[in-house]
Colleague: 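One structure follows; several queries about it will come next.
Residue numbers begin at 1 in each chain, while the letters A, B, ... track the order of the sequences.
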Protein chains: 4
Amino acid sequence: MGRANTAAAGPEPAERHHGNRHGRSEQARQAVLEAADDLLVEKGFTGVTIEGIAARAGVAKQTVYRWWKTKTDVLLDAFLQDAAKALNPPDHGDLGPDLRAHLRQLALFLTRSDAGAVFKALIGYAQHDPAFAAALRAGYLDEQRRRDLLPLERAVERGQLPAGLDMAAEIDQLVGPVYHRVLMTAEPVDQAFTDRLVEVFLHRADVADAGEIGSR
Amino acid sequence: MGRANTAAAGPEPAERHHGNRHGRSEQARQAVLEAADDLLVEKGFTGVTIEGIAARAGVAKQTVYRWWKTKTDVLLDAFLQDAAKALNPPDHGDLGPDLRAHLRQLALFLTRSDAGAVFKALIGYAQHDPAFAAALRAGYLDEQRRRDLLPLERAVERGQLPAGLDMAAEIDQLVGPVYHRVLMTAEPVDQAFTDRLVEVFLHRADVADAGEIGSR
Amino acid sequence: MGRANTAAAGPEPAERHHGNRHGRSEQARQAVLEAADDLLVEKGFTGVTIEGIAARAGVAKQTVYRWWKTKTDVLLDAFLQDAAKALNPPDHGDLGPDLRAHLRQLALFLTRSDAGAVFKALIGYAQHDPAFAAALRAGYLDEQRRRDLLPLERAVERGQLPAGLDMAAEIDQLVGPVYHRVLMTAEPVDQAFTDRLVEVFLHRADVADAGEIGSR
Amino acid sequence: MGRANTAAAGPEPAERHHGNRHGRSEQARQAVLEAADDLLVEKGFTGVTIEGIAARAGVAKQTVYRWWKTKTDVLLDAFLQDAAKALNPPDHGDLGPDLRAHLRQLALFLTRSDAGAVFKALIGYAQHDPAFAAALRAGYLDEQRRRDLLPLERAVERGQLPAGLDMAAEIDQLVGPVYHRVLMTAEPVDQAFTDRLVEVFLHRADVADAGEIGSR
DNA sequence: CCCTAAACGAGACGGTACGTCTTGTCTTTTG
DNA sequence: CAAAAGACAAGACGTACCGTCTCGTTTAGGG
């Protein structure tokens, strides 16, 4: 989805004009992505229309349709461009601080940032469109899941956690409750909440050292 | 939102025709709700339109607008009607079996039933419309959260769990991971997954008996 | 072509709401027809667009599309409404004055009036669209031809012309040269020109009295 | 209008240059003109598009725009190229046969030939665009009118017709009815019709010899 | 047993946005 | 330096729904 999002992901420096002679206008591309972002923040998901994006970007409608299939493709492209780097978990060399910082960062991203607003809108739309859901996962969620796992993997390497954990399941128990509050209950996701999730996990992992959890 | 959804919750038999003389047509109401449900399952959320609902229900557009403000109001009404009773946790008199059955039921509801499909669509739309999100919470999620808490409360009454738990947080750690898989990762939510969530919780709670968790 | 043009031809006073309940808006209909006329005069045939008609008429595009298939249908309807009565030949009881007045009136209509401008545009478009050409003939030209014939028929009744004339061919020789100048050469079509056409015809007809023309 | 149509009229013999380098590509020019002609015959005037012409000619759009301003310019150029010679009246040394042959030829050209179809399309468009109408007259109609006059002029030289005739008006009475049937009534223009026009004219001219018509 | 007032079906209306199409301009590369 | 390729701004096309409205019909009390 989004024929052009390779440009968002990679560099491809001197690769242009194949059959074509001068390729697309980077200026138009940027204007469209910014317009889409702005409109979402200002008027909400419903207020984003391709017509509105084109008008705000000073671009012809056809130029939007040439490179993106739907408004959600534009939003995804915009989101990937300015939010991909946002959620790298830090590396303090210690599992506890790493997880606490990462969950806190995730909560702030989801509840406070513009990119988080776009993200929530896209998650919402993904519930209505399986093809887009797949694109969202391929373009962002899978990679984010890999980033979520990093603290655990580093802890395993350090010997802080036992090998043989079902990492995916463990991560679900850490980030799942955060998403649950954000997407469903609208309760605040404060530091006390995220810290407590980490505490429970660490406590359980300590016990695992003694042999119980790894054996499941 | 949804002026008419009291009718969905209760029977109110002999309460009708005040200023009016014969009240609304129950036949039309049912036809609309069924049409909305059918359309959602057949053509997805985007394929549901008030125009389409009216046509499929054999009803005038105005009749829909007379009783519901938006298509999501119709869908919510339909959902409340045929899914309200679905998720009552059983009472085996034992916490473990209660939780295992309840989480399993929740997972099946979300991933297998038609009502679950409607529910996911509504959750998705709620990300785009805060007012609707509030209505969805008021109409369903709050009540469901109360049902989710029942097994824990009964366990406390039985002395199986200590008093003083932060129940909301505990429940988030049980249902959060399930919603996370359903709404975000599209990984299967099989019985092994839900059972494991319960196991972890019970293990933690056992330790709490010895005093650690309650002290937070 | 144009489902509504019966209204242009006849009165049909108390005939409304059959399958429908309150029928179409006469106000909208008039606004559309006037807008189309105005646009043609102001900006030419190419400058007439359905979008422009709707905007100028203060009407939704769909309202235009509901009742007319194309912009030329609108223009034809408009033309039929305000020009049908324009070209009735007078009846002086004498063939010469009748024909002179009628041809003069035709020339003025074609070269001076707004309706004539619309008519020329429609004739032009008819060259590009045989179906529309047929509609134009059915809606106007056939009837106009009947009116053109009236002076000759009255003259035959009066005995001023012999019976047995090929009336269609005679009329072609009177009006043909006028249309030729208007549509092709752009030479002025002044009274001298039209009067001369009549003179030639009358001269020929006089001789015909002596037997020559009727014998063809 | 039509910057390039000298090329249609004149020879420019040994001036060729493969694809590029200096000067325009005669190959591209021919391809464009043929494509325009073909499209008009296949899909009608509306179906002719600069975009379509370029595609069908295997030529870039810009190449069309470089040499012609509008699609009607292309069609006019194409028409002038392959139809200019078509309507030269013959010279039998006798007015009657000359006129009969010429009118018959005109009728056939208009109703039967591909070039006639293009011509009718251009006449139609000329009703919508005065500038193009002028170009069409300058490029074709004026010259054709001169050809139409030839039989009469030769007859005057031969003494078969009196000098002092209003030749333009006379010709209008001969060709006007033909165009009238072709452009407006869609009645057949068979030989009986054209022969009769000539007969009437000759009859009138004979009488004119006796003095009446010349005196007007 | 009408009388009355609502709810109803039907559907026209003014609108907004859709996604497509063509126009005429432009920029770049190739031969 | 013309021609091929094709991106671009502009704007009309015809369609689908939106939410509002006005009709005329249906229906079930209350007078």
Side-chain angles (χ1 to χ4, degrees), chain A residues 16-25 27-29 46 48-55 57-67 69-71, chain B residues 16-25 27-29 46 48-55 57-67 69-71, chain C residues 16-25 27-29 46 48-55 57-67 69-71, chain D residues 17-25 27-28 46 48-52 54 57-67 69-71:
Chain A
R16 269 294 119 77
H17 19 80
H18 10 60
N20 168 20
R21 302 310 167 88
H22 66 301
R24 70 190 288 192
S25 157
Q27 191 180 336
R29 185 176 173 275
T46 310
V48 180
T49 61
I50 291 203
E51 200 128 311
I53 290 170
V59 139
K61 242 176 13 163
Q62 183 58 42
T63 298
V64 181
Y65 280 110
R66 188 157 22 233
W67 302 109
K69 277 196 129 80
T70 62
K71 72 171 181 175
Chain B
R16 268 295 120 77
H17 21 79
H18 12 64
N20 168 22
R21 303 308 170 83
H22 65 301
R24 70 190 288 192
S25 157
Q27 191 181 337
R29 185 176 172 276
T46 310
V48 179
T49 61
I50 291 206
E51 200 126 316
I53 290 170
V59 139
K61 242 176 20 162
Q62 185 56 40
T63 298
V64 181
Y65 280 110
R66 193 162 12 238
W67 302 109
K69 277 194 126 86
T70 63
K71 72 169 181 176
Chain C
R16 268 294 118 78
H17 18 81
H18 10 60
N20 171 19
R21 303 312 165 86
H22 63 300
R24 70 191 287 192
S25 157
Q27 191 181 335
R29 185 176 174 276
T46 310
V48 179
T49 62
I50 291 203
E51 198 128 312
I53 290 170
V59 140
K61 245 177 12 164
Q62 184 57 42
T63 298
V64 182
Y65 281 111
R66 189 159 19 236
W67 301 110
K69 277 194 127 80
T70 63
K71 72 170 181 176
Chain D
H17 334 283
H18 27 70
N20 40 352
R21 249 44 183 191
H22 17 296
R24 72 191 284 194
S25 158
Q27 192 181 335
T46 309
V48 179
T49 296
I50 291 210
E51 198 123 318
V59 139
K61 244 173 29 163
Q62 185 56 38
T63 299
V64 181
Y65 279 111
R66 194 160 11 237
W67 301 109
K69 276 194 129 81
T70 63
K71 73 170 181 177

Colleague: Using whole Å, what does the distance between atom P of nucleotide F:dG19 and atom CD1 of B:I53 come to?
Modeller: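 Distance, rounded to whole Å: 11 Å.
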Colleague: Of all the nucleotides listed (F:dA7, E:dA12, E:dT22), which has the minimum atom distance to the side chain of C:R24?
Modeller: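 Nearest listed nucleotide: E:dA12.
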Colleague: What integer distance in Å separates A:Q27:CD from E:dT27:C1'?
Modeller: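 Rounded to the whole Å, the gap is 13 Å.
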Colleague: Of the nucleotides F:dC17, E:dC18, F:dA4, which one has an atom closest to the side chain of D:T63?
Modeller: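 For D:T63, the side-chain atoms sit closest to F:dA4.
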Colleague: For DNA chain F, whose closest nucleotide is more 5', that of B:Q62 or that of C:V48?
Modeller: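 Taking each residue's closest nucleotide, the earlier one in sequence belongs to C:V48.
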Colleague: Choose from F:dA3, F:dA9, E:dT25 the nucleotide whose nearest atom is closest to any side-chain atom of D:Y65.
Modeller: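 Selected nucleotide: E:dT25.
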Colleague: Starting at the 5' end of DNA chain F, which residue's closest nucleotide do you reach first, C:I50 or A:A60?
Modeller: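 This one resolves to A:A60.
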Colleague: How many Å lie between CD on C:E51 and P on E:dG14, as a whole number?
Modeller: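 C:E51 atom CD is separated from E:dG14 atom P by 15 Å.
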Colleague: Within the side chain of D:T49, is there an N or O that forms a donor-acceptor pair under 3.5 Å with the backbone of D:G52?
Modeller: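 Not a single qualifying donor-acceptor pair exists.
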Colleague: Does B:W67 have a side-chain nitrogen or oxygen under 4.0 Å from the phosphate oxygens OP1 or OP2 of E:dA7?
Modeller: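 So the side chain of B:W67 is outside the cut-off, no N or O lying under 4.0 Å from OP1 or OP2 of E:dA7.
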Colleague: Which heavy-atom pair separates A:A60 from A:A54 by the least distance, and what is that distance?
Modeller: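 Shortest heavy-atom separation between A:A60 and A:A54 comes out as C-CB, 4.1 Å.
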Colleague: Quick one: pull up NZ in B:K69 and CD1 in B:I50 and give me the separation to the nearest 0.5 Å.
Modeller: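 Rounded to the nearest 0.5 Å, the NZ-CD1 separation comes out at 11.5 Å.
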Colleague: If you look at every strand shown and take non-hydrogen atoms under 4.0 Å, does B:G52 touch a base, only sugar-phosphate, or nothing?
Modeller: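 Nothing, no nucleic acid heavy atom in range.
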Colleague: Quick check with a 6.0 Å cut-off and a 45 degree axis cone: is C:R24 positioned over the face of C:W67's six-membered ring?
Modeller: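 The answer is yes, since C:R24 meets both limits relative to C:W67.
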Colleague: Using heavy-atom distances to pick each residue's nearest nucleotide on DNA chain E, tell me which of B:V59 and A:T49 is more 5'.
Modeller: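 Looking at the nearest nucleotide for each, B:V59 comes out on the 5' side.
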Colleague: Counting only side-chain heavy atoms from C-beta out, which of E:dA7, F:dA3, E:dC13 sits nearest to B:R66?
Modeller: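 Taking heavy atoms from C-beta onward, the closest nucleotide is E:dA7.
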Colleague: Heavy atoms from C-beta onward define the side chain here; which of E:dG9, F:dT20, F:dA7 lies closest to that of B:K61?
Modeller: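 In terms of side-chain proximity for B:K61, the closest of E:dG9, F:dT20, F:dA7 is F:dT20.
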